[in-house]
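The basis for the numbers below is simple: all heavy atoms, side chains too, and nothing from hydrogens, waters or symmetry mates.
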Amino acid sequence: MAIIETEATLHEAHRDNHTHRDVSGGWLRPAVFGAMDGLVSNLALMTGVAGGAVSHRTIVITGLAGLAAGAFSMAAGEYTSVASQRELVEAELDVERWELRKHPKDEERELAELYQARGVEPGLAREVARQLSKDPEQALEIHAREELGIDPGDLPSPTVAAVSSFGSFALGALLPVLPYLLGATALWPALLLAFLGLFACGAIVARVTARSWWYSGLRQLALGGAAAGVTYALGTLFGTAVG
């Protein structure tokens, strides 16, 4: 009884501790990186213009234009990219669907050989392939996963990708503009809010990495701050040269 209880305890401990982070990042990764992209690019654009000693009205217009242009560009690019990828996948699925309809035995044999290559006993591999091939849709799904590495029922949506990219980029790009919209006339409130946003984005990204939240936050803050510093210096240099 003591042995059974010990084994049960070990099993429970293994089940409780044997968990993994979402290595793909799920929705969190593209959303956070989209916001970070908008934040860094618009902050750098605004500080570059501010370095030229222009009015705060010009900085606001620049920030809003950068927000709109970047968000639409991200959305259009993401839509085109995901739509093209989906069309390619669907074309390959049509090829596989045709092969399953015209050459079912060859496809069944191909599936059995694939399982054998992975170490399954030949007789068992043939039987598994035979049973799985009874349902054409199930057979298509299995062949797609094994040969193409895709799930036919979980293809990305171009519209969702475009809308999410637009929203996350716009949200990040809004941060450095927001203080000006609320009445600020100097650059430092925009820098402060943008730096807080950079640190927060970096800390959130730590959820899908092995780094600590403060390291990831400080790293992103340093990178975003460096981008803002370089563009401000260039804006000052060009502003002086043009002036």
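- Side-chain contact between M74 and F166 is absent, with no heavy atoms from C-beta onward closer than 4.5 Å.
- From L193, atom CG reaches atom CG of L175 across 5.0 Å, with rounding to the nearest 0.5 Å.
- Here the shortest heavy-atom pairing between L148 and E92 reads CD1-CB, 3.9 Å.
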Working note: R109 + E113, criterion salt bridge (Lys or Arg N to Asp or Glu O under 4.0 Å); need CA distance, chi angles, decisive distance, verdict.
CA-CA 6 Å; R109 188 181 307 110; E113 290 173 353; 5.4 Å; no

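- To the nearest 0.5 Å, atom CG of residue L140 and atom NE2 of residue H143 are 8.5 Å apart.
- There is no path of hydrophobic side-chain contacts, each under 4.5 Å, that joins L100 to Y115.
- Taken together through direct or relayed side-chain contacts under 4.5 Å among Ile, Leu, Val, Met, Phe, Trp and Tyr, L187 and L192 form parts of separate hydrophobic clusters.
- Taking all atoms of both residues into account, the shortest heavy-atom contact from A50 to Y232 is C-CE1, 4.0 Å.
- Residue pairs meeting the ring pair (Phe, Tyr, Trp, His ring centres under 6.0 Å) criterion with at least one partner in residues 76-108, sequence neighbours excluded, are W98-H103.
- At least one side-chain heavy atom of I150 sits under 4.5 Å from a side-chain heavy atom of L93.
- E121 places none of its side-chain heavy atoms less than 4.5 Å from the side chain of Q116.
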Worked check of side chain to side chain contact (heavy atoms under 4.5 Å, CB included) between L114 and E110
CA-CA 6 Å; L114 190 149; E110 185 180 84; 6.0 Å; no

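- Under the 4.5 Å side-chain heavy-atom criterion for grouping Ile, Leu, Val, Met, Phe, Trp and Tyr, I142 is connected to L124 within one hydrophobic cluster.
- Comment: E141 engages R145 in a salt bridge, judged by a side-chain N to carboxylate O separation of less than 4.0 angstrom.
- With a 4.5 Å cut-off on side-chain heavy atoms, V177 and L64 count as touching.
- Closest approach of T185 and H56 over heavy atoms only: O-CB, 3.8 Å.
- No donor-acceptor pair under 3.5 Å is formed between the side chain of R130 and the backbone N or O of E108.
- Remark: of the listed residues S164, S73, S165, P158, S165 is the sole one forming a side chain to side chain contact (heavy atoms under 4.5 Å, CB included) with E78.
- The side-chain heavy atoms of L67 and F169, taken from C-beta on, include no pair separated by under 4.5 Å.
- Classification of the F199-W213 ring pair by plane angle, with boundaries at 30° and 60°, yields perpendicular.
- Between atom CG of residue L171 and atom SG of residue C201 there is a gap of 8.0 Å, rounded to the nearest 0.5 Å.
- What you find for A144 and P152 is that their closest heavy atoms are CB-CG, 3.7 Å.
- Here the shortest heavy-atom pairing between V120 and A125 reads CG1-N, 3.7 Å.
- S133 and A139 make their closest contact through CA-CB, 4.1 Å (heavy atoms, listed as atom of the first residue, atom of the second, distance).
- Not a single donor-acceptor pair under 3.5 Å links the side chain of S216 to the backbone N or O of S212.
- Within the 4.5 Å cutoff, no side-chain heavy atoms of K134 are placed close to those of Q138.
- Note on L196: it does not cluster hydrophobically with L181, by side-chain heavy-atom contacts below 4.5 Å among ILVMFWY residues.
- A continuous path of ILVMFWY side-chain contacts below 4.5 Å connects L182 to L43, so both sit in one hydrophobic cluster.
- With sequence neighbours excluded, no residue forms a ring pair (Phe, Tyr, Trp, His ring centres under 6.0 Å) with W188.
- Using a 4.0 Å cut-off between charged nitrogen and carboxylate oxygen, R118 and E146 count as a salt-bridge pair.
- In this structure, T58 contributes its side chain and V54 its backbone to no donor-acceptor pair below 3.5 Å.
- Within the 4.5 Å cutoff, side-chain heavy atoms of Y180 are placed close to those of M46.
- At least one side-chain heavy atom of Q220 sits less than 4.5 Å from a side-chain heavy atom of V40.
- Residue I59 holds its CD1 atom at 10.5 Å from CG of L45, rounded to the nearest 0.5 Å.
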